[in-house]
Amino acid sequence: MDFSKQINISTGTATSSYLNINSITAAPTVGTPFSGYMVESVSYANGQYAGFMDTLAQRDGLDADIALLPQRNTTVIVGVYGSTQKDFYDRLNDLNSACQPYPLFAQTDDGFRSLDFNQPTNNATYSSSGVPMRLSVRPTALPVYNLSNNIVTPQTSDRGLTTRASISLMSKDPRKLCQTAVTGAIALSSGSGTASLTNNGNYSAYPTFTVISNLATSATLTLSTSAWTTALTIGTGAKTTILNSGLRTVTSNGSLLMSSLGSTTTKMPFLGEGATTVTAAFVGGSGYPSSISYSYQEAWI
């Protein structure tokens with residue numbers, strides 16, 4: 001996390017609706033007290049991996065299976081500054097408001113909202129500002145801070161009235177995602193084609209594939225790599241089929257249709273670190289589309 005740049009927590013659905021909890025990134029100017037916020041530290045909690053384990057019957061050792069990442073817990077320490085007593089308490093109110101557990105704008109995602117920040121990198125894919133990253137977070141409590149009776153009108157050469165606030169956040173998706181999605185299309189010729197999809201992150205990214213079709217007869221679409229195969233039955237007529245591997249859903253014309261997953265499916269699609277060649281192929285039917293679109297967010301742990 002780059003502490004010299006904005007760190008924003010969403011306060012609404014509009015791109016301009018956020019509270020910058022790192023608005024102070026420069027040294028104070030003599031005679032101008034601070035007003036705003038400064039992130040002092042971020043603690044990524046020690047979350048144990050979740051996996052099946054059980055003791056073996058009448059033997060030493062454990063029976064172990066796949067291990068996965070659980071939720072991610074993050075604690076942010078923020079310095080809150082006010083140029084006057086009134087301004088100080090307004091800044092505290094704004095911070096409390098941004099940490100509501102279930103604000104109206106975030107109810108469709110159970111109260112989770114974006115925490116956006118930049119992470120420096122040498123990867124030339126990104127600008128000098130680094131990777132624009134995002135955690136989807138929900139506060140687990142109101143900000144914790146202390147107030148005392150020595151908060152008085154600040155001296156003009158001081159930093160203003162100030163206190164430290166501790167913000168506890170939980171992410172149901174432990175991955176840090178790139179704010180900007182990678183989009184493109186797999187061009188098809190006679191119902192089949194390949195494309196190379198690159199994930200510059202260091203952890204699995206989950207793509208969404210969109211198929212807009214108008215088949216004369218139904219067909220099976222297989223999407224595959226060396227690590228997974230996903231088969232879908234595409235019906236006749238005008239269809240918009242969306243395979244969202246992040247949500248692990250398949251919809252057809254806006255309605256959930258998990259029954260369209262074929263028996264040859266081994267796993268939902270994912271993209272590991274680096275380039276992945278994805279093959280798309282229709283079998284049966286006629287009137288195939290000319291392409292299949294995709295989008296995904298690169299991911300880091």
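Just so you know, residue 1 is the first one in the sequence shown, and it goes up from there.
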> Taking 4.0 angstrom as the limit, do Arg91 and Asp87 come out as a salt bridge?
Replying inline: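 A salt bridge links Arg91 with Asp87.
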>> One thing to verify: whether Lys172 and Asp109 come together as a salt bridge, which I'm taking to mean a side-chain N less than 4.0 angstrom from a carboxylate O.
In response: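 Yes, Asp109 and Lys172 are salt-bridged.
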>> Does either side chain, that of Asp173 or that of Ser171, offer a donor lying less than 3.5 Å from an acceptor on the other one?
In response: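 There is no such pair (donor and acceptor under 3.5 Å, judged by atom type) between the side chains of Asp173 and Ser171.
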Give the minimum heavy-atom separation between [X] and [Y], together with the two atoms involved.
X: Asn118; Y: Ser129; value: ND2-O, 3.1 Å
X: Pro269; Y: Thr230; value: CD-OG1, 3.4 Å
X: Leu135; Y: Pro174; value: CD2-O, 4.2 Å
X: Thr265; Y: Leu261; value: OG1-CD2, 4.1 Å
X: Leu177; Y: Ala299; value: CD2-CB, 3.7 Å
X: Thr198; Y: Ala275; value: OG1-CB, 3.8 Å

> What's the verdict on side chain to side chain contact (heavy atoms under 4.5 Å, CB included) for Leu161 and Gln85, showing C-alpha distance, side-chain angles and the deciding distance?
Replying inline: CA-CA 7 Å; Leu161 300 170; Gln85 194 172 48; 3.8 Å; yes
> Within a reach of under 6.0 Å around CD1 of Ile212, are more than 12 heavy atoms found that belong to other residues, nucleotides or ligands?
Replying inline: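 Counting other residues, nucleotides and ligands, CD1 of Ile212 stays at 12 neighbours or fewer.
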> Does a sphere of radius 6.0 Å around CE in Met258 hold more than 12 heavy atoms from other residues, nucleotides or ligands, not counting ones at 6.0 Å or beyond?
Replying inline: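 Enclosed.
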Side-chain donor/acceptor of [X] to backbone N/O of [Y], under 3.5 Å:
X: Asn199; Y: Gly274; result: no
X: Arg175; Y: Ser204; result: yes
X: Asn202; Y: Ile301; result: yes
X: Ser213; Y: Leu215; result: no
X: Ser291; Y: Ile186; result: no
X: Arg138; Y: Phe112; result: no
X: Thr121; Y: Asn123; result: yes
X: Asp94; Y: Ala98; result: no
X: Trp228; Y: Thr266; result: no
X: Thr162; Y: Val80; result: yes

Is it true that [X] and [Y] fall in one hydrophobic cluster, defined by side-chain heavy atoms closer than 4.5 Å?
X: Leu147; Y: Ile167; result: yes
X: Trp300; Y: Val137; result: yes
X: Tyr296; Y: Ile242; result: no
X: Phe270; Y: Leu68; result: no
X: Val42; Y: Ile7; result: yes

Separation between [atom1] of [X] and [atom2] of [Y], rounded to the nearest 0.5 Å:
X: Thr25; Y: Gln6; atom1: OG1; atom2: CD; value: 8.5 Å
X: Leu115; Y: Ile21; atom1: CG; atom2: CD1; value: 5.5 Å
X: Leu232; Y: Leu243; atom1: CG; atom2: CG; value: 5.5 Å
X: Ser218; Y: Lys239; atom1: OG; atom2: NZ; value: 10.0 Å
X: Phe117; Y: Phe3; atom1: CZ; atom2: CZ; value: 10.0 Å
X: Asp63; Y: Met53; atom1: CG; atom2: CE; value: 10.5 Å

> Quick check, are the ring centers of Tyr288 and Phe282 under 6.0 angstrom apart?
Replying inline: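 Yes, they do, as the ring centres are separated by less than 6.0 Å.
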Taking the side chain as everything from C-beta on, heavy atoms only, tell me whether [X] gets closer than 4.5 Å to [Y].
X: Leu223; Y: Phe209; value: yes
X: Gln119; Y: Met1; value: no
X: Ser114; Y: Ser136; value: no
X: Asn73; Y: Thr75; value: no
X: Thr183; Y: Tyr294; value: no
X: Leu62; Y: Thr55; value: yes
X: Leu256; Y: Val250; value: no
X: Pro139; Y: Pro101; value: no

> Could Lys176 and Tyr44 be counted as a cation-pi pair, given that NZ or CZ must be under 6.0 Å from the ring centre and within 45° of the axis?
Replying inline: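 Checked: cation-pi criterion met.
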> Testing Leu221, Thr194, Ile292 for side-chain contact (heavy atoms from CB on, under 4.5 Å) with Leu188, which one passes?
Replying inline: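 Passing option: Ile292.
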> Testing Asn8, Val76, Val39, Val78 for side-chain contact (heavy atoms from CB on, under 4.5 Å) with Asn22, which one passes?
Replying inline: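 Exactly one option meets the side-chain contact (heavy atoms from CB on, under 4.5 Å) with Asn22, and it is Val39.
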> Only one of Phe88, Tyr89, Phe34, Tyr37 clears ring-ring contact (aromatic ring centres under 6.0 Å, His included) with Tyr81; which?
Replying inline: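 Answer to the ring-ring contact (aromatic ring centres under 6.0 Å, His included) test with Tyr81 among Phe88, Tyr89, Phe34, Tyr37: Phe34.
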> Between Thr210 and Thr241, does a side chain to side chain contact (heavy atoms under 4.5 Å, CB included) hold up when you go through it step by step?
Replying inline: CA-CA 6 Å; Thr210 301; Thr241 303; over 6 Å; no
> So Tyr126 and Glu298, side-chain hydrogen bond (donor to acceptor under 3.5 Å, both in side chains) or not? Walk me through it.
Replying inline: CA-CA 12 Å; Tyr126 305 100; Glu298 296 166 314; 2.6 Å; yes
> Going through the checks in order, is the side chain to side chain contact (heavy atoms under 4.5 Å, CB included) test met by Asp110 and Tyr102?
Replying inline: CA-CA 7 Å; Asp110 299 320; Tyr102 204 66; 4.1 Å; yes
> Does the pair Leu92 and Thr163 meet the rule for a side chain to side chain contact (heavy atoms under 4.5 Å, CB included), with working shown?
Replying inline: CA-CA 9 Å; Leu92 281 177; Thr163 190; 4.2 Å; yes
> Step by step, would you call Asn96 with Tyr145 a side-chain hydrogen bond (donor to acceptor under 3.5 Å, both in side chains)?
Replying inline: CA-CA 11 Å; Asn96 283 330; Tyr145 50 85; 3.1 Å; yes
